[in-house]
Amino acid sequence: MLSPMEVQSLLNKLCIDAGFYLRPQAQEKLRTDPPTDPTAITNAVFLAEGLNPELAERGLHRGVHEAVVNFWRLRGLEAGDTVQNNRRST
């Protein structure tokens with residue numbers, strides 16, 4: 001799991017790279033109770049931005065998810081989560 005400082009670093013990266021600037025309250029919530037895997041973080045970021053992750057443009061979702069996975073792995077965390085399709089199977 002990411003530390004609060006790592007979560008903030010990831011949020012800063014997503015702000016610069018993907019234009020996701022989360023309100024301070026949303027950032028604080030993610031720092032104090034970070035999701036435990038890359039998909040959960042990706043979804044939480046989309047939701048905090050006011051977007052439904054399942055309806056988001058696929059390329060944007062894939063790019064954010066890949067950035068989260070890469071960030072996760074650079075910290076030596078297991079990121080076996082490679083699902084990049086944000087559409088639910090029906």
Side-chain angles (χ1 to χ4, degrees):
M1 183 158 54
L2 299 177
S3 72
M5 287 181 66
E6 289 171 322
V7 170
Q8 188 60 58
S9 181
L10 174 60
L11 294 176
N12 292 344
K13 178 172 179 40
L14 293 176
C15 178
I16 293 166
D17 295 351
F20 278 58
Y21 178 74
L22 306 183
R23 293 180 312 243
Q25 300 89 340
Q27 291 183 36
E28 179 63 23
K29 181 179 178 190
L30 288 170
R31 281 192 308 268
T32 58
D33 188 21
T36 58
D37 64 74
T39 295
I41 290 175
T42 300
N43 290 341
V45 167
F46 271 86
L47 291 170
E49 185 71 10
L51 301 171
N52 182 334
E54 293 178 7
L55 300 177
E57 192 272 320
R58 288 182 186 191
L60 176 62
H61 188 274
R62 185 178 301 113
V64 170
H65 187 261
E66 286 176 2
V68 172
V69 168
N70 290 336
F71 188 90
W72 198 267
R73 288 183 176 147
L74 284 172
R75 273 131 191 92
L77 298 169
E78 179 63 36
D81 177 8
T82 58
V83 176
Q84 297 176 9
N85 185 353
N86 56 321
R87 303 301 194 252
R88 231 190 255 185
S89 298
T90 55

Answer yes or no on whether R75 is positioned over the face of F71, meaning its NZ or CZ is under 6.0 Å from the six-membered ring centre and within 45° of the axis.
-> yes
Shortest non-hydrogen contact between [X] and [Y], atoms and distance:
| X | Y | value |
| --- | --- | --- |
| L77 | M1 | CD2-N, 3.9 Å |
| P34 | V7 | CB-CG2, 3.7 Å |
| L22 | A26 | CB-CB, 4.2 Å |
| E78 | W72 | O-NE1, 2.8 Å |
| F46 | H61 | CZ-CA, 3.6 Å |
| E57 | L60 | OE1-N, 2.7 Å |

When rounded to the nearest 0.5 angstrom, what is the spacing between [atom1] in [X] and [atom2] in [Y]?
| X | Y | atom1 | atom2 | value |
| --- | --- | --- | --- | --- |
| Q27 | C15 | CD | SG | 8.0 Å |
| T36 | I41 | OG1 | CD1 | 8.0 Å |
| D33 | L30 | CG | CG | 8.5 Å |
| K13 | E6 | NZ | CD | 14.5 Å |
| R58 | H65 | CZ | NE2 | 14.5 Å |

Check whether the side chains of N70 and E66 place a donor and an acceptor atom closer than 3.5 Å, and report yes or no.
-> no
Minimum side-chain heavy-atom gap [X]-[Y] below 4.5 Å:
| X | Y | value |
| --- | --- | --- |
| L51 | L47 | no |
| T32 | P4 | no |
| L2 | P35 | no |

Verdict with supporting geometry, V45 and L11, side-chain contact (heavy atoms from CB on, under 4.5 Å) | CA-CA 8 Å; V45 167; L11 294 176; 4.0 Å; yes
